[in-house]
Amino acid sequence: MVPHLITALTGPINELEQRILESMPAIERWFRLEWMEHTPPFYTSVDLRNAGFKLAPVDTDLFPEGFNHLTPQMLPLAVQAAMAAIEKICPEAKNLLLVPDNRCGNTFYLQHLQQMVQIFTQAGLNVRLGSLDPALEAPKRVALPDGSELEVEPLQRVRTRAGLKDFDPCTILLNNDLRGGVPRSLQNLHEQYLLPPLHAAWGVRRKSRHFESYEEVAKKFAKLLGMDPWLINPLHGRCGEVDADTAAGLDCVQAQADAVLAKVRRKFKEYGINEKPFVVVKADAGSRGAGVMTVRDARDIDATRLQRALARPEGVPGVTEVLIQEGVPTYERINEAVAEPVVCMIDRYVVGGYYRVHASRGSDESLNLPGSSYVPLAFAESHHLPHRGAKPGASAPNRFYMYGVIGRLAMLAAAYELEATDPDAEVYD
């Protein structure tokens with residue numbers, strides 16, 4: 001399944017694909033050298049947007065939750081990557097505690113957990129689910145659509161270690177982004193490996209910091225290929241103190257939106273792109289698709305619209321920091337519905353991906369909302385084996401190899417970001 005691009009502006013993206021394919025040995029060597037210096041996040045998913053004239057990541061999730069959309073052909077890759085990741089961190093590992101978020105009534109999320117358990121079990125680990133939900137006082141069995149069950153148990157803290165009753169894990173894998181803060185049961189766990197680290201949680205992490213790191217990575221990569229980094233990098237700005245209820249910080253949001261729009265207009269003029277640019281205004285911390293506003297003129301941002309856009313779901317902290325990001329439209333379609341690719345990675349390896357599809361959203365809107373459907377990417381043909389002689393834009397493996405490269409750039413940026421924000425990092429004078 002390869003969605004078709006509904007834009008005439010395919011020249012730049014085909015040129016980018018050709019350049020990436022021609023430079024494949026240099027690119028893979030470059031990544032190899034980067035991973036000698038930097039530690040990849042344990043697992044990552046990256047949302048991409050293909051506008052025909054530009055291909056860029058718009059979101060990088062360090063607590064991914066779409067692994068249920070991977071096809072059976074992708075699972076051997078995922079298992080091998082999981083083995084490699086565990087061997088680096090805790091080679092003698094026997095037990096893995098997977099900590100889900102509290103949405104264990106959500107069927108899709110349960111299927112994702114089921115897939116994660118399968119991957120890490122086949123990687124040679126005893127896997128059990130330990131919940132942080134204070135309402136869970138005893139083990140609970142949850143039914144899945146295929147008739148199987150998952151058992152979720154209350155996480156226990158015993159002195160300096162976290163685990164379950166009669167289950168002491170070497171490694172604790174968080175699939176809970178801890179947006180409400182870090183519970184005491186996960187603090188000061190110096191005897192166990194906690195992945196991702198606590199400073200990757202949305203209580204601490206900021207998208208603007210990630211895209212600063214991504215800009216650095218994109219410039220390095222663009223220099224390697226002799227290209228303009230803008231073709232793979234969404235411009236951005238941020239505002240640190242915004243209160244939608246009182247309109248405090250509204251002037252900052254308007255000014256930053258105006259500045260980003262002006263930069264994008266200059267780029268559109270440079271490349272002969274006859275479209276009206278837009279920016280996306282969203283929470284600087286994770287919001288699960290909530291609080292996203294599309295803006296084409298900074299004057300359209302008023303207190304009422306900002307308040308409506310940044311309204312938060314129950315249980316999500318109020319917005320105080322806002323990211324203003326260059327809008328990258330998606331011109332990929334599946335059965336006439338807007339689609340965007342999501343690349344899934346474990347350790348430094350692309351293990352697969354899928355398209356997020358939404359029939360009732362526009363090319364300039366967020367698709368990460370209720371009503372989305374999911375179609376697996378055709379990585380089964382192998383993104384690792386591109387057809388280097390194929391015509392640009394005509395080969396599925398080539399397009400997905402390109403997506404895998406951009407996904408890995410975002411993952412590398414996350415590695416830079418986590419190093420820069422590590423509260424326990426050693427400082428050398």
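Quantities reported herein were computed from a predicted structural model and do not represent experimental measurements. Along the sequence shown, residues carry numbers from 1.
Under the side-chain contact (heavy atoms from CB on, under 4.5 Å) test applied with L16, the options D228, I232, V405 reduce to a single match, I232.
Across all non-hydrogen atoms, the minimal contact from I20 to I27 is O-CD1, 3.4 Å. Listed here is the closest heavy atom pair of R296 and P277: CG-O, 3.7 Å. When all heavy atoms are compared, the tightest approach of C344 to Y354 is SG-CE2, 3.8 Å. Taking every heavy atom of both residues into account, L70 and G353 meet most closely at CD2-N, 3.6 Å. Closest non-hydrogen pair, P169 versus I172, comes out as CG-CG1, 4.2 Å. Scanning both residues, K220 and E34, for their nearest heavy atoms gives NZ-OE2, 4.0 Å.
No more than 12 heavy atoms of other residues, nucleotides or ligands lie within 6.0 Å of CZ in R29, so this atom counts as exposed by the packing criterion. In F108, the CZ atom is not crowded: 12 or fewer heavy atoms of neighbouring residues, nucleotides or ligands sit closer than 6.0 Å. Counting heavy-atom neighbours within 6.0 Å of K88 NZ, excluding the residue itself, gives a total above 12. Other residues, nucleotides and ligands contribute at most 12 non-hydrogen atoms within 6.0 Å of the NZ atom of K263.
A heavy-atom distance below 4.5 Å is found between the side chains of L409 and Y214. Proximity of P145 to T107: side-chain heavy atoms (C-beta onward) are separated by under 4.5 Å at one or more points. Side-chain contact between W35 and L33 is absent, with no heavy-atom pair separated by less than 4.5 Å. Counting heavy atoms from C-beta outward, V46 and V342 have side chains that stay 4.5 Å or more apart. With a 4.5 Å cut-off on side-chain heavy atoms, P57 and D47 do not count as touching. With contacts defined as side-chain heavy-atom distances shorter than 4.5 Å, the pair E149/L144 does not qualify. At least one side-chain heavy atom of Y109 sits less than 4.5 Å from a side-chain heavy atom of E65. The shortest side-chain heavy-atom distance between L75 and I119 falls under the 4.5 Å cut-off.
Here the straight-line distance linking atom CE of M83 with atom CG of D347 works out to 13.5 Å at 0.5 Å rounding. With values rounded to the nearest 0.5 angstrom, C170 atom SG is found 8.0 Å from Q192 atom CD. Separating the CG atom in L55 from the OH atom in Y403 is a distance of 6.0 Å, to the nearest 0.5 Å. Put simply, CG on N102 and CG on L136 are 9.0 Å apart, with the number rounded to the nearest 0.5 Å. The NE2 atom of H112 sits 10.5 Å away from atom CG of N106, with the distance rounded to the nearest 0.5 Å. Atom CG of L129 is separated from atom CG of L155 by 11.0 Å, given to the nearest 0.5 angstrom.
For the residue pair N175 / Y43, a side-chain donor-acceptor distance below 3.5 Å is found, with atom types taken as modelled. With hydrogens and angles left out, the side-chain atoms of T160 and E191 include a donor and acceptor closer than 3.5 Å. No side-chain N or O of Q325 forms a donor-acceptor pair with one of H236 less than 3.5 Å apart. Side-chain contact, D133 with S131: no donor N or O sits under 3.5 Å from an acceptor N or O. There is a side-chain donor-acceptor pair under 3.5 Å between D146 and Q114.
Without hydrogens or angle criteria, R49 side chain to G327 main chain gives no donor-acceptor distance under 3.5 Å. Remark: side-chain polar atoms of T330 are paired, donor with acceptor, to backbone N or O of A339 under 3.5 angstrom. R179 contributes no side-chain N or O that, together with a main-chain N or O of G181, makes up a donor-acceptor pair within less than 3.5 Å. Counting only distance, with no hydrogens or angles, the side chain of H199 and the backbone of L418 share a donor-acceptor pair below 3.5 Å. The backbone N or O of P154 sits nowhere less than 3.5 Å from a side-chain atom of K165 that would complete a donor-acceptor pair.
Salt-bridge annotation for K267 and E326: absent, with no side-chain N of the basic residue lying under 4.0 Å from a carboxylate O of the acidic one. We find that D284 and K207 are not joined by a salt bridge, their nearest charged nitrogen and carboxylate oxygen being 4.0 Å or further apart. The pair R356-E332 does not meet the salt-bridge criterion, since no charged nitrogen lies less than 4.0 angstrom from a carboxylate oxygen. With respect to the salt-bridge test (charged N to carboxylate O, under 4.0 angstrom), the residues R128 and E151 do not qualify. Under the 4.0 Å criterion applied to side-chain N and carboxylate O atoms, E22 and R19 are not assigned as salt-bridge partners. Under 4.0 Å is where a charged nitrogen must lie from a carboxylate oxygen, and between E321 and R206 at least one such pair does.
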Pair Y331, N50 - check side-chain contact (heavy atoms from CB on, under 4.5 Å), show working. CA-CA 6 Å; Y331 287 131; N50 186 346; over 6 Å; no

Run H358 and V338 through side-chain contact (heavy atoms from CB on, under 4.5 Å) and show every step you take. CA-CA 6 Å; H358 206 302; V338 178; 5.6 Å; no

Pair W230, Y271 - check ring-ring contact (aromatic ring centres under 6.0 Å, His included), show working. CA-CA 11 Å; W230 177 76; Y271 284 94; 5.5 Å; yes

As a quick check of understanding, evaluate side-chain contact (heavy atoms from CB on, under 4.5 Å) for L125 and T171, giving each step before the final call. CA-CA 10 Å; L125 296 163; T171 303; over 6 Å; no

Would you sort out whether Q118 and F67 count as a side-chain contact (heavy atoms from CB on, under 4.5 Å), showing the intermediate values? CA-CA 11 Å; Q118 181 183 351; F67 278 62; over 6 Å; no

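For an aromatic pair to be called close, the ring centres must be under 6.0 Å apart, and F53 with F268 satisfies this. Between F42 and F120, the ring centre distance stays below 6.0 Å.
By the 6.0 Å and 45° rule, R348 does not stack over the aromatic ring of F31.
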